[in-house]
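Data block below; observations after.
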Amino acid sequence: MLDLKFIRENPDAIRQSLANRGSTVDLDAILALDAERRQALQDVERLKQERNASSKEIGLRKRAGEDTEDIQATVRAQGESIAALDQRIRVLETELEDRLLTIPNRPAAVAPIGPDASGNQVVKTVGKPRRFDFDPLPHVELAERLGLVDFGRAAKISGAGFAAYTGVGARLERALVQFMLDIHTTEHGYHEISPPFLVNRAAMTGTGQLPKMAEDMYAVPADDLFLVPTAEVPVTNLFRDEIMDRPLPVKLVAYTPCFRREAGAAGRDTRGLIRMHQFDKVELVKFVEPETSYDELEDLLGHAETILQRLELPYRVLELCTGDLSFAAARCYDIELWAPGQNDWLEVSSCSNFEDFQARRARIRYRPEGGKPQFVHTLNGSGVALARLYVAILENYQNADGSVTVPAALRPYLGGLERIESPVST
RNA sequence: GGAAGGGUGGCUGAGUGGUUUAAAGCACCGGUCUUGAAAACCGGCGAGCCGAAAGGUUCCGGGGGUUCGAAUCCCUCCCCUUCCGCCA
């Protein structure tokens, strides 16, 4: 959520940054609602001041044994005006709030201006894609031949977009989660959280998934709960409605499955593990002081990159342009892994600085030394997302005979296994 | 799911219709004293909104009601604790 005061004082700057995003918002309506609200507030507060004084006087006169019928009558009349104005203010504030919740964040000044993904800039490319002396297979072939994933039966029980990992395939999945959590907790100083996978409406609104992206969420209407689309939601909302009681930065890491309806992407990437309704992810979340948030973003990006470096996978980092930035982000780096079987790059992480956008929605504040509480800056980034990481490992580490070499860093998590080979028979 | 008891500032906790402008303590900040620290003493110390400011207003889990006036009374919902039931 943007700061209403800032909107009031800088409407043109807001119009410009929204235009850079390709978003249009009726700012004039918001400014008019705001003006009417402030006027009504001043009126009602003056009336309340009078009423409070009169009420106090009634108390004093009653105590003195005097009659108060006359003054009670005037106060009763005042009460009616107050009730009417309060009602009007409630309507105005609800309308204002509803509108503010649908305005995307302002892109950071450094974010490149562009219309859509075509405007994203490659910041760096790390590692060289391997040269194959055979035609590399797509991961679906490898996974099915090696008995790592059962797509057919998963579809039978849940539908398209779900996978059942089996045997070594399941263990590899689990190993990756463990491996990433270990690095972030022991080397990067993150505190591990294992949060709920179902969250309420307030949490989904706090991080910005609601109200705009409602159709992309799995909902449980009977209890008004939602399956988490990312650990960002439960973890960031841990401190909702709080003044944080611990020194910043607070760095948290969580593994959760992620559930997404992919409503806008029906029919895309239907084969394999690339676009799933359920996938696992290790997520990094930070709460930081505003002055440091862009340094913290670089730091966060580095932590996500570490995972790919340890796994010796080729990747590149993109800086998202204004038109491709997600709703809540001010600045964002995407990390993409090279997948030779797809002959394409796969996004496995988005590292974003939300500045105070989420903090204002979720009312997450901290107390600067000797000062008034103010909103923290929140950041998060995948560190990293499974399924696509799994794809990249299979495709990059495949051998001519259809086997897959286990990345050295992962072997301790797989009981020393060096190579995943075809089962003799199944 | 049933019953009972609770929910007050960063924390503990008083407050059952009218100077509550929410007591007090702890924590925290500043000062005195001290070579320094501690202790002691003195002072300060909740949040949001409106306002150029002075100041005003709202907030005692959420929402609604009674009243001239509600932390306090009533209704409702949520959460916590204990007991019972069910259960991995």
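Hydrogens, waters and symmetry mates are skipped; everything else that's a heavy atom, side chains included, is used. Just so we're on the same page: letters track the sequence lines, and every chain starts at 1. Because the structure is predicted, anything quoted here is derived from the model rather than measured.
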| query | Does E319(A) come within less than 4.0 Å of R331(A), counting only side-chain N to carboxylate O? | reply | yes
| side chain to side chain contact (heavy atoms under 4.5 Å, CB included) between L318(A) and Y333(A), intermediate numbers included | CA-CA 5 Å; L318(A) 305 182; Y333(A) 293 114; over 6 Å; no
| Watson-Crick or G-U wobble mate for A53(B), both contacts under 3.5 Å | none
| Integer-rounded Å distance: U19(B) P and I58(A) CD1 | 13 Å
| query | Is D86(A) salt-bridged to K48(A), going by a charged N under 4.0 Å from an acidic O? | reply | yes
| Start at the 5' end of RNA chain B and walk down; is the nucleotide closest to A53(A) or to L4(A) reached first? | L4(A)
| field | OP1 or OP2 of C68(B) under 4.0 Å from side-chain N/O of N52(A) | value | no
| note | Answer for the Watson-Crick or wobble partner of A3(B), both distances under 3.5 Å, is U82(B)
| task | Mind calculating the distance between CZ (R365(A)) and C1' (G9(B)) to the nearest angstrom? | result | 12 Å
| field | Pair assignment for C28(B), Watson-Crick or G-U wobble, requiring both distances under 3.5 Å | value | G44(B)
| query | C50(B) C1' sits how many Å from E93(A) CD, rounded? | reply | 11 Å
| Looking just at side-chain N and O atoms, do H139(A) and Q342(A) make a donor-acceptor pair shorter than 3.5 Å? | yes
| said: Tell me whether the side-chain N/O atoms of R46(A) come closer than 4.0 Å to OP1 or OP2 in U57(B). | reply: no
| task | Starting from P on G48(B), measure out to CD1 on I243(A) and report it in whole angstrom. | result | 7 Å
| query | Please give, in whole Å, the distance from G7(B) C1' to D241(A) CG? | reply | 16 Å
| said: So R360(A), base contact, sugar-phosphate only, or nothing? Heavy-atom distance under 4.0 Å. | reply: nothing
| message | Rounded to whole Å, how long is the line connecting atom CD of E97(A) with atom C1' of C49(B)? | response | 13 Å
| Quick one: L225(A) CG to C79(B) P, roughly how many Å, whole number? | 10 Å
| message | On RNA chain B, does the nearest nucleotide to D34(A) precede the nearest nucleotide to V44(A) from the 5' side, or the other way round? Give the residue. | response | D34(A)
| Taking CD from Q49(A) and C1' from G69(B), how many angstroms apart are they, rounded to a whole number? | 16 Å
| request: Give a yes/no on whether any side-chain N or O of R76(A) is located under 4.0 angstrom from OP1 or OP2 of C68(B). | output: yes
| query | Would you call the rings of H277(A) and F162(A) parallel, tilted or perpendicular if under 30° counts as parallel and over 60° as perpendicular? | reply | tilted
